[in-house]
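Report on one structure; see the data block that follows.
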Amino acid sequence: MATVTFDQATRIYPKAERPAVDALDLEIADGEFLVLVGPSGCGKSTSLRMLAGLEEVDAGSVLIGDRDVTDRPPKDRDIAMVFQNYALYPHMTVGENMGFALKLAGVDKAERARRVAEAAKILDLSEYLDRRPKALSGGQRQRVAMGRAIVRSPQVFLMDEPLSNLDAKLRVQTRTQIAALVKRLGTTTVYVTHDQVEAMTMGDRVAVLKDGVLQQCDTPGELYDRPANVFVAGFIGSPAMNLVTGQAVEGGVRVGGAVLPVPREQLARAAAGNGQVTVGFRPEAMHLVGPGQGLPVLVNVVEQLGSDAFLYTKLADEETDDVLHPSDVVVRTEPRSAAAAGQKLWLGVREGALHVFDASTQQRVD
Amino acid sequence: MATIALPGTETTAVQPVSKGPDRRGGRGGRSGKAGPVTYTLLTLTALVSIFPLYWTVVAGSHTNAEIAATPPPFLPNASLFDNFRAALDQAPIGKAILNSVLVSGSITVGTVLFCTLAGFAFAKLQFRGKGLLLSLVIGTMMVPTQLSVIPLFMMIADLQWVNQLQAVILPTLVSAFGVFFMRQFLISALPNELLEAGRVDGASTFRIFWSIVVPVARPAMAVLAMLTFLTAWNEFFWPLIALTNANPTVQVALAGLGSGYVPQRSVIMAGTLLGTLPVLIVFTILGKQIVGGIMQGAVKG
């Protein structure tokens with residue numbers, strides 16, 4: 001068990017114009033479950049592979065515990081990795097797959113068998129130890145990959161989208177199992193995913209990356225409640241936060257046909273750039289108000305989910321019903337609400353639920 | 001989300017179970033039951049393929065005059081064994097077969113080992129000058145053997161290896177074709193993650209080669225082994241130059257058979273049969289594995 005530190009770690013692929021990972025600074029505490037999340041190409045997998053020693057570090061350093069491992073090969077780092085496609089050795093049985101690292105480390109046969117059996121028991125794989133990976137289902141293969149990692153009791157677990165090859169139902173099950181298992185083992189874990197739901201449900205902390213740059217690293221709650229910039233605001237949450245850019249006016253921000261109230265001081269700082277302010281409000285932060293009192297919108301599609309209903313609406317002109325902006329404003333309402341497609345509604349934003357960003361810098365303003 | 005995903009769950013869960021029947025069903029559906037046309041065609045093909053071998057047996061058991069008669073004989077007879085004896089008297093065929101087994105065996109082991117090593121390096125390892133080296137290796141395939149025979153013979157003569165088996169083994173221990181073949185196979189059949197998993201598990205590059213690459217490469221290695229063994233067994237040009245009838249391979253020994261004012265074709269045929277039998281026996285025994293290897297190689301490579 002150990003801490004993990006990225007200190008200005010940078011990776012530039014040969015012939016690439018910009019770094020795949022740009023001066024990444026991250027401190028991961030002992031026993032912490034940290035999730036790296038972001039859209040594809042954001043550098044999350046590259047960061048993980050730098051920690052694994054599978055990718056060179058062009059600048060900065062990577063530390064495990066107090067040890068600088070920047071230039072150490074993977075086998076000297078005491079890590080175990082779970083790959084997206086599991087990378088099980090096809091010619092070895094489940095037991096041999098799990099014991100391979102121990103065999104290489106010179107652990108004697110009896111001890112090896114004991115540890116493999118122990119890990120297999122935890123993962124419910126005992127009856128499959130003599131099978132080849134080919135004869136296993138996707139979920140079982142995933143567990144073998146997990147078993148191969150835990151059997152070594154490494155200092156750090158690295159997981160590169162370990163659930164993305166599972167179907168959705170199994171993914172949700174396995175998600176909770178992995179989280180529980182890692183918590184029980186108390187091993188520091190770095191977990192890469194592109195799925196923000198996975199990130200939010202599993203991570204002690206979540207680091208959001210975009211274009212190789214760390215955007216924000218915080219607890220899931222903080223990320224959701226106080227996104228540091230427009231990208232994080234739009235990335236975390238499903239359906240995504242509604243983000244609209246408008247002109248700062250007296251008392252608030254003009255959005256479509258209405259003015260959303262923003263405190264004067266906050267507005268002044270947000271509009272300091274070019275007078276434009278981006279405001280964000282989550283689907284659940286909206287409520288319906290009387291005609292002429294809030295944001296006028298036209299309902300486009302109504303999604304009934306049973307527990308909730310989502311209205312996909314467009315900002316409309318107060319008088320003429322013309323659509324003012326092509327992007328959707330999503331509203332969560334009571335299930336079986338009376339709203340129907342084509343209807344005009346007025347929306348209010350709950351007090352304190354409005355996120356304000358400087359449109360020129362995209363940064364949050366409080 | 002969960003509602004959308006449910007059908008996916010079912011298919012994946014069912015997949016392993018349905019795979020077997022599906023495959024069998026597919027095969028049955030494609031070919032059905034072989035009809036008379038199929039059988040006739042296959043029989044004809046089999047006959048055409050086996051005829052040269054059969055003719056060798058027939059010609060090996062008749063004199064020149066009997067073979068030349070119209071109609072020619074179509075059945076072998078017991079004088080085949082006399083001709084075997086004549087062939088064995090005229091040329092050291094026993095020694096030649098032993099030599100050929102040694103030569104072809106060494107070449108096969110060497111080629112498969114070195115080509116797999118080099119193919120793995122070219123397919124999966126990163127090193128400076130990789131592209132240039134690979135084009136050089138492939139480029140050697142364009143140089144005709146005849147061009148290098150004289151310098152090669154001079155080298156062998158300098159080493160005093162003339163008429164020794166290493167003179168025919170050493171120059172063919174690795175082949176450009178084999179390197180390229182293994183590289184092409186490994187590029188697609190060996191996922192990078194497997195190598196990375198090996199590295200994370202603490203294996204050295206050589207250990208990765210031995211414990212991960214070789215098992216994955218096995219089907220292609222079997223194909224390469226078969227091709228190499230056959231080529232080496234049938235090699236005539238270079239062994240004829242480097243060896244003499246005192247220490248020949250099979251093909252060199254056969255060249256010295258039945259020589260005289262009128263070539264004794266029956267003795268040549270009997271000798272040829274003797275020289276072919278070991279390969280025939282080996283391939284009859286290993287046939288299934290080899291065909292399996294070719295099929296696997298074809299599907300994956």
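Every heavy atom of this structure was used, including side-chain atoms; hydrogens, water molecules and symmetry mates were not. Convention: sequence-line order gives letters A, B, ...; per-chain numbering from 1.
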Quick one: CG on L54(A) to CZ on R199(B), what's the gap to the nearest 0.5 Å? 5.5 Å
For the student: nearest non-hydrogen atoms of P90(A) and L194(B), plus distance: CD-CD2, 3.8 Å
To the nearest 0.5 Å, tell me how far E196(B) CD sits from D160(A) CG. 9.0 Å
Option that, when pairs with chain B are counted at under 4.5 Å, heavy atom only, ranks first among N85(A), V172(A), L305(A): N85(A)
For the student: nearest non-hydrogen atoms of V200(B) and R152(A), plus distance: O-NH1, 3.1 Å
Where on A80(A) is there a heavy atom nearer than 4.5 Å to chain B: the side chain, the backbone, both, or neither? backbone
Checking the side chain of H91(A) only, and the main-chain atoms of V214(B) only, is there a donor and an acceptor separated by less than 3.5 Å? no
With a 4.5 angstrom heavy-atom cut-off, which part of R207(B) approaches chain A: side chain, backbone, both or neither? side chain
Charged N to carboxylate O below 4.0 Å: is that the case for D201(B) and K103(A)? no
Y39(B), OH: over 12 other non-hydrogen atoms inside 6.0 angstrom: no
Which bit of F83(A) comes within less than 4.5 Å of chain B, counting heavy atoms only: side chain, backbone, both or neither? side chain
Neighbour count above 12 (heavy atom, 6.0 Å) for E56(A) CD: no
Could you look at L88(A) and say if it's the side chain, the backbone, both or neither that has a heavy atom under 4.5 Å from chain B? backbone
Considering all heavy atoms, the nearest F100(A)-S211(B) contact: CZ-CB, 3.8 Å
Bottom line for R77(A): the part with an atom under 4.5 Å from chain B's heavy atoms is neither
